[in-house]
Amino acid sequence: MLAMNYRSYGYVAIEKYELALLDIKKIKRDRVEPESLYNKYLSKGIIKMDNEDYLMASKYFNKASKIFHLNKDAYCL
């Protein structure tokens, strides 16, 4: 399942957030790496932001920032 983790990261990098989320759903819960959870929350936040649901977007970005608090992406979004 490590391949799904990496592929989901690749989808986030090329801004294919829906595809990233589909890959993350395929990973068994106990095998989801922190990086994939981070990408999951970023992707969901960006999708919510695109739909102008800024409150929910902010909640997802806050969840992402708790996983990697030194990564600037969640704060910038």
Side-chain angles (χ1 to χ4, degrees):
M1 288 290 134
L2 189 58
M4 288 292 179
N5 281 303
Y6 286 119
R7 190 168 78 171
S8 70
Y9 175 76
Y11 282 138
V12 170
I14 61 172
E15 299 180 5
K16 301 286 185 184
Y17 305 111
E18 292 86 2
L19 293 174
L21 291 172
L22 288 174
D23 275 357
I24 293 168
K25 285 180 184 177
K26 293 176 187 174
I27 302 169
K28 291 182 180 180
R29 265 205 186 303
D30 59 334
R31 295 189 183 186
V32 177
E33 296 185 352
E35 295 84 0
S36 290
L37 286 176
Y38 180 82
N39 287 330
K40 175 183 176 178
Y41 295 137
L42 275 187
S43 296
K44 285 187 172 194
I46 290 168
I47 291 169
K48 292 294 183 183
M49 195 168 61
D50 287 346
N51 292 322
E52 298 182 5
D53 187 353
Y54 302 114
L55 180 62
M56 283 305 297
S58 177
K59 288 180 181 182
Y60 283 120
F61 296 142
N62 283 331
K63 286 182 178 185
S65 69
K66 289 178 182 175
I67 296 172
F68 292 113
H69 64 278
L70 296 178
N71 192 317
K72 65 182 178 352
D73 293 336
Y75 296 107
C76 291
L77 292 167

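Keep in mind it's a predicted model, so treat the numbers as computed, not measured. The first residue in the sequence is number 1, and the count goes up from there.
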Query raised in the report: Can you tell if the side chain of Lys26 reaches within under 4.5 Å of the side chain of Arg7, non-hydrogen atoms only?
Result: yes
Report task. To the nearest 0.5 Å, tell me how far Lys63 NZ sits from Lys40 NZ. Result -> 8.0 Å
Report task. Using a cut-off of 6.0 Å, state whether more than 12 heavy atoms not belonging to Tyr9 lie near its atom OH. Result -> no
Report task. Return the minimal non-hydrogen interatomic distance between Ser36 and Ser8, and the atom names on each side. Result -> OG-OG, 3.9 Å
**Report entry** Least distance between heavy atoms, Ser43 atom then Ala20 atom
**Finding:** OG-CB, 4.1 Å
Requested in this report: Using modelled atom types only, decide if a donor and an acceptor are shared between the side chain of Tyr41 and the backbone of Ile67 within a distance under 3.5 Å.
Outcome: no
Query - Shortest non-hydrogen contact from Ala57 toward Met49 - result: CB-N, 3.8 Å
Requested in this report: Go through the side-chain N and O atoms of Asn71 and Tyr38 and say whether any donor and acceptor fall under 3.5 Å apart.
Outcome: yes
Query - Leu42 and its side-chain contact (heavy atoms from CB on, under 4.5 Å) partner, picked from Tyr60, Phe61, Tyr17 - result: Phe61
Query raised in the report: Can Leu19 be reached from Leu37 by stepping across I, L, V, M, F, W or Y side chains whose heavy atoms are under 4.5 Å apart?
Result: no
Query raised in the report: How many angstroms lie between atom CG of Asp50 and atom CD of Glu15, to the nearest 0.5 angstrom?
Result: 9.0 Å
Report task. Determine whether Leu22 and Met4 fall in the same hydrophobic cluster, where Ile, Leu, Val, Met, Phe, Trp and Tyr are linked whenever their side-chain heavy atoms lie under 4.5 Å apart. Result -> no
Requested in this report: Check whether any side-chain N or O of Asn51 sits under 3.5 Å from a backbone N or O of Ile47 as a donor-acceptor pair, and report yes or no.
Outcome: yes
Report task. State whether the side chain of Ser58 and the backbone N or O of Tyr54 hold a donor-acceptor pair below 3.5 Å, judged by distance alone. Result -> no
Query - Stepwise side-chain contact (heavy atoms from CB on, under 4.5 Å) check, Glu35 with Asn5 - result: CA-CA 8 Å; Glu35 295 84 0; Asn5 281 303; over 6 Å; no
